[in-house]
Amino acid sequence: MATEQIQTLVVGGGQAGLAMSHMLKERGCEHLVLERHRIAERWRSERWDGLRFQFPNWSVTLPNFPFQSAEPHAYASAREIADFIGAYARFVMPPIRCGVNVQRLRCRDASAGFVAKTSQGEIAARNVVVATGPYQRPSQPSFLPEKVDLLQIHASSYRNPAQLPSGAVLIIGGGASGAQIAEELVHAGRTVYLSIGKHRRLPRRYRGRDLIWWMSALGLDRVPAENRGEHNSLPLISGAFGGNTIDFRQFAAMGVILLGRLVSVSGRVFEFAPDLAKNIADGDMSLMMFLDMVDAHINCHNMLAPDEPSAREMLPDPPNLATATKRLDLRTEGISTIISATGYAYDFGWIDAPLVLDQRSRPIHRMGITDLPGFYFVGLQWLSTVRSSLLSGVGEDAQRLADHIKARG
């Protein structure tokens, strides 16, 4: 079978690949997008039924394509976001082939450029843009038990409380997904144990504005990658149940049994670090620092914004905060399900090219541009700023990379 030739190959047809196609089309750059599943597949098959987006509807946008909603201050469901990305694809009308898997990507043997081995043959390209996103392979603790009579799933496989067997649930990971799932299960009457680590707690709303509005006003949504420092982790926020500030003290008051960071497992016995109190204190500190920043900004710019002293009030510490359980026997506690809400890892094993991956198979780039001419990444967390992997920010990186590709000729 003859090798197909294309100027630029975009691998991935999600939000990043579609934004990249949009920018390449605007510049008249010939290209092809390959997507191994459907457009917005992960939003359709790897999100739970009750998920609510973390960003208010008014802030959701893709290049030249804002999210349309009769409720601008509400938080969209996973299905609504998937449909939005699908509508964006119809708006962009990219040259895309779905159901095509890129199995290997290598440099050309005798000339510049790359060859992609796909499930439908080989494609040669002068440029390649990897747009497979930051959520590629579910990451789970390596020491979870393998041969025990328990349901063990990653958050990407969780759908709803009825999916789980009767009994208590242990959720490992107190980030946005873990917190939303824990809250949903408690509302469904389940007993929930939640293991949390260090986190960055911020208010859902403060002094009349949503957090996302304040992040923009303060410039925190444009912190460059080289200055990320303590901004490395995404804030712990939720759009569930109308969107409320996540407070683990409130979770405890609702009945969630809080635990520190999981450190080891022996059969059905789980050991946790004695760091619960410190993790919650660190979350409180990040909250107060943010409130101080907003207050200073309001005072500096003489803004009219209602005072909100209640935002600094703390609920009483749960009784077991200082003496949280450090050893948990799942059988004794009646735990039948373990949900790992522990994020994702990169999966670039199909890339066989120098200079673009480090020894741990992480991308090597400067704002998406690698040292291998014609090889690019887009849609990754902190590609250039904190916004790089977000719907509202991916277009900025795609525009810059499209300009670079255009200049290559």
Side-chain angles (χ1 to χ4, degrees), residues 51-56 59 75 155 171-186 192-221 223 228-262 272-297 308-318 320-322 324 341-343 381-382 386-387 390:
L51 181 146
R52 289 289 169 172
F53 202 38
Q54 296 167 288
F55 300 84
S59 71
Y75 304 88
I171 300 175
I172 303 169
S177 294
Q180 272 204 42
I181 293 172
E183 192 171 8
E184 178 174 284
L185 288 171
V186 167
V192 177
Y193 293 78
L194 178 62
S195 169
I196 67 173
K198 187 174 182 179
H199 55 276
R200 190 155 65 100
R201 188 162 83 90
L202 295 181
R204 175 70 273 176
R205 302 178 189 87
Y206 182 56
R207 299 189 69 172
R209 302 281 188 173
D210 188 271
L211 168 69
I212 303 306
W213 193 93
W214 287 120
M215 294 283 283
S216 178
L218 295 170
L220 297 179
D221 62 341
V223 173
R228 58 186 175 181
E230 289 299 318
H231 299 280
N232 189 32
S233 61
L234 294 175
L236 179 57
I237 56 176
S238 170
F241 303 101
N244 298 302
T245 299
I246 293 178
D247 183 348
F248 288 125
R249 292 183 179 83
Q250 178 65 38
F251 276 36
M254 293 165 54
V256 175
I257 302 165
L258 300 176
L259 305 164
R261 177 177 48 87
L262 178 64
F272 300 88
D275 60 358
L276 177 61
K278 183 179 187 305
N279 293 338
I280 290 181
D282 287 344
D284 293 340
M285 183 180 300
S286 64
L287 174 68
M288 294 304 169
M289 289 176 62
F290 183 82
L291 299 184
D292 288 344
M293 290 178 65
V294 172
D295 289 345
H297 181 84
E308 193 176 342
S310 62
R312 296 177 181 272
E313 296 174 359
M314 295 292 175
L315 293 174
D317 287 341
N320 71 331
L321 184 61
T342 43
Q381 289 183 343
W382 288 103
V386 68
R387 291 161 47 89
L390 305 179

[X]: which residues meet the side chain to side chain contact (heavy atoms under 4.5 Å, CB included) condition with it, sequence neighbours left out?
X	answer
Ala273	Arg261, Val263, Asp275
Ala296	none
Ala240	Gln180, Ser238

For Asp295, enumerate each residue passing the salt bridge (Lys or Arg N to Asp or Glu O under 4.0 Å) test, keeping only those at least two apart in sequence or located in another chain. Arg207, Arg312
Residues in salt bridge (Lys or Arg N to Asp or Glu O under 4.0 Å) with Asp247, at least two apart?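 Result, salt bridge (Lys or Arg N to Asp or Glu O under 4.0 Å) vs Asp247: none returned.
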Audit row: Ile196, Ile280, side chain to side chain contact (heavy atoms under 4.5 Å, CB included) steps and yes/no: CA-CA 9 Å; Ile196 67 173; Ile280 290 181; 4.0 Å; yes
[X] [atom1] to [Y] [atom2] distance, which is reported to the nearest 0.5 Å:
X	Y	atom1	atom2	answer
Leu259	Tyr193	CG	OH	8.0 Å
Leu218	Trp213	CG	CH2	8.5 Å
Leu291	Ser286	CG	OG	9.5 Å
Leu287	Thr245	CG	OG1	7.0 Å
Ile172	Phe272	CD1	CZ	6.5 Å
Arg201	Asn279	CZ	CG	13.0 Å

Determine whether a donor-acceptor pair (N or O, by modelled atom type, separation under 3.5 Å) exists between the side chain of Ser195 and the backbone of Gly173.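 The answer is no, because no donor-acceptor pair under 3.5 Å joins these two groups.
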[X] and [Y]: which non-hydrogen atoms are nearest, and at how many Å?
X	Y	answer
Gly175	Leu236	C-CD1, 3.3 Å
Ala277	Leu321	CA-CD1, 3.8 Å
Ala324	Leu276	CB-CD2, 3.4 Å
Tyr206	Val294	CD2-CG1, 3.6 Å
Ala155	Ser177	CB-CB, 4.5 Å
Ile171	Ala341	CG2-CB, 4.3 Å

Just do the side chain to side chain contact (heavy atoms under 4.5 Å, CB included) check on Ile246 and His199 with the steps written out, would you? CA-CA 11 Å; Ile246 293 178; His199 55 276; over 6 Å; no
If a pair satisfies side-chain hydrogen bond (donor to acceptor under 3.5 Å, both in side chains) and one of its residues is in residues 249-260, list it, with sequence neighbours excluded. Arg249-Asp284, Arg249-Asp317
4.5 Å side-chain heavy-atom contact, Ile237 and Met215: no
Arg205 side chain near Glu308 side chain, heavy-atom distance below 4.5 Å: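 No, their side chains stay 4.5 Å or more apart.
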For Phe290, check ring-ring contact (aromatic ring centres under 6.0 Å, His included) against everything at least two apart and list the hits. none
Are Trp214 and Leu202 close enough, and set up right, to give a side chain to side chain contact (heavy atoms under 4.5 Å, CB included), and what steps lead you there? CA-CA 11 Å; Trp214 287 120; Leu202 295 181; over 6 Å; no
Plane angle bin for Phe248 and Phe251 - parallel if under 30°, tilted between 30 and 60°, otherwise perpendicular: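 Ring orientation, 0 to 90° scale: perpendicular.
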Please check if atom CE in Met285 has more than 12 non-hydrogen atoms from other residues, nucleotides or ligands closer than 6.0 Å. no
Are more than 12 heavy atoms from other residues, nucleotides or ligands located less than 6.0 Å from atom CE of Met289?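 Open: at most 12 neighbouring heavy atoms sit under 6.0 Å from CE of Met289.
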For Glu184, the side-chain hydrogen bond (donor to acceptor under 3.5 Å, both in side chains) test, sequence neighbours excluded, returns Tyr158
With sequence neighbours left out, write down each residue that passes side-chain hydrogen bond (donor to acceptor under 3.5 Å, both in side chains) with Asp210, or none if nothing qualifies. Tyr75, Arg204
